[in-house]
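Written below as structure tokens is the structure these notes are about.
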Amino acid sequence: MKASQDMKADVAEVLLTEEQIAARVAELGRQISADYAGHEVTLVSVLKGSLPFMADLMRRIDLPLRIDLMEVSSYGGTATESSGLVRILKDLSAPIDGRDVLLVEDIIDTGLTLNYLLRYLKGKNPRSIKVCALLDKPARRLVEIPLGYVGFEIPDAFVVGYGLDFGEVYRNLRFVGVLRPAAYES
Ligand code: IMP
């Protein structure tokens, strides 16, 4: 599939505007700053989809914090469906034992990727671990996972933008939109 030169033409509907996202990220930052007051939090973001969210959220948290980055790829699924089989492409660069970790995710769909990551990170003995997800698509959840912070609950549709891709494209859209089925069926 090749994205249109005008990426917005491949978007059927804008679900969340740039302004809505910015306002909610600021709220999440305030809430996290209050909840972790007196602690040094480590934000762990999962590349590549969480990159814009992480960059915006960390600047809305008014506490000393560290960041680390992981990259995972799921395999065995299809272009729009995850399989739960996760391969770690990039691991943490510093230990997290005894630290308060906040796992920053772009979207929770089936929950399989997050379920794997949480088990993996808990094995590294953090003092606490919570999840902060920008988007939650509860309709398709296969494993129940406690989400500490959620930006927006969204309906069951394949979305792109603000970090989220289809075929590695559309990540740089400043809004979150529903991709036209024609864009991935062709
Ligand atoms: P899960 O394992 O099914 O929860 O899928 C999580 C991962 O699948 C996310 O981190 C995204 O990379 C990708 N994903 C799930 N739904 C969407 C979507 O609607 N648009 C883009 N990527 C998605």
Side-chain angles (χ1 to χ4, degrees), residues 1 3-4 7-8 10-18 20-21 24-25 28 43-57 67-92 101-122 129-186:
M1 169 261 173
S4 309
M7 287 183 294
K8 290 178 188 155
D10 294 337
V11 171
E13 181 199 349
V14 174
L15 216 52
L16 302 166
T17 65
E18 188 178 353
Q20 284 173 309
I21 297 169
R24 185 70 184 120
V25 171
L28 288 172
L43 302 184
V44 173
S45 143
V46 187
L47 296 170
K48 301 166 193 163
S50 306
L51 201 60
F53 180 40
M54 173 74 148
D56 289 343
L57 181 68
I67 65 165
D68 209 334
L69 304 167
M70 290 185 71
E71 184 170 7
V72 300
S73 77
S74 52
Y75 58 99
T78 67
T80 55
E81 300 274 334
S82 112
S83 64
L85 300 170
V86 177
R87 181 184 295 137
I88 294 179
L89 302 178
K90 186 211 167 296
D91 207 340
L92 297 174
V101 173
L102 193 55
L103 184 56
V104 177
E105 263 283 23
D106 50 2
I107 185 166
I108 316 300
D109 187 17
T110 62
L112 294 171
T113 309
L114 187 62
N115 191 43
Y116 174 90
L117 272 173
L118 272 179
R119 271 191 289 138
Y120 178 77
L121 292 173
K122 280 179 184 164
I129 184 158
K130 278 196 200 175
V131 177
C132 177
L134 179 70
L135 306 176
D136 181 16
K137 235 195 257 183
R140 289 171 35 95
R141 194 64 36 83
L142 293 178
V143 272
E144 252 347 288
I145 297 177
L147 299 179
Y149 306 91
V150 172
F152 302 92
E153 227 177 68
I154 61 165
D156 181 11
F158 194 81
V159 293
V160 293
Y162 197 65
L164 291 158
D165 75 307
F166 176 72
E168 294 297 326
V169 187
Y170 307 103
R171 294 192 196 276
N172 54 326
L173 290 172
R174 293 202 294 265
F175 57 83
V176 170
V178 178
L179 194 61
R180 280 186 199 287
Y184 52 85
E185 280 162 4
S186 61

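For ligands, and for the atoms within them, numbers begin at 1 and follow the listed sequence. Hydrogens, waters and symmetry mates are skipped; everything else that's a heavy atom, side chains included, is used. Since this is a predicted model, take the numbers as computed values, not measurements.
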Donor-acceptor pair, side chain of [X] and main chain of [Y], under 3.5 angstrom:
{"X": "Arg174", "Y": "Tyr162", "value": "no"}
{"X": "Ser50", "Y": "Phe53", "value": "no"}
{"X": "Arg24", "Y": "Val150", "value": "yes"}

Would [X] count as a contact of ligand 1 if the rule is a heavy atom under 4.0 Å away?
{"X": "Leu114", "value": "no"}
{"X": "Asp106", "value": "yes"}
{"X": "Arg140", "value": "no"}
{"X": "Arg141", "value": "no"}
{"X": "Gly111", "value": "yes"}
{"X": "Val86", "value": "no"}

Show the atoms of ligand 1 that are less than 4.0 angstrom away from any heavy atom in [X].
{"X": "Asp165", "value": "21 (C)"}
{"X": "Glu105", "value": "10 (O)"}
{"X": "Ala157", "value": "19 (O)"}

For Glu168, give me all partners under side chain to side chain donor-acceptor pair (under 3.5 Å), at least two apart in sequence or on another chain.
Lys48, Arg171

Counting only heavy atoms, which portion of Thr113 has something under 4.0 Å from ligand 1: side chain, backbone, both, or neither?
both

Only one of Leu135, Val11, Leu179 passes side-chain contact (heavy atoms from CB on, under 4.5 Å) with Val159, and that residue is Leu135

Name the residue from Ile88, Asn115, Leu92, Val72 that meets the side-chain contact (heavy atoms from CB on, under 4.5 Å) definition with Tyr120.
Ile88

Do the side chains of Glu71 and Lys90 get close enough for a salt bridge, i.e. N-O under 4.0 angstrom?
no

Between Val159 and ligand 1, does any nitrogen or oxygen pair lie at a separation below 3.5 Å?
yes

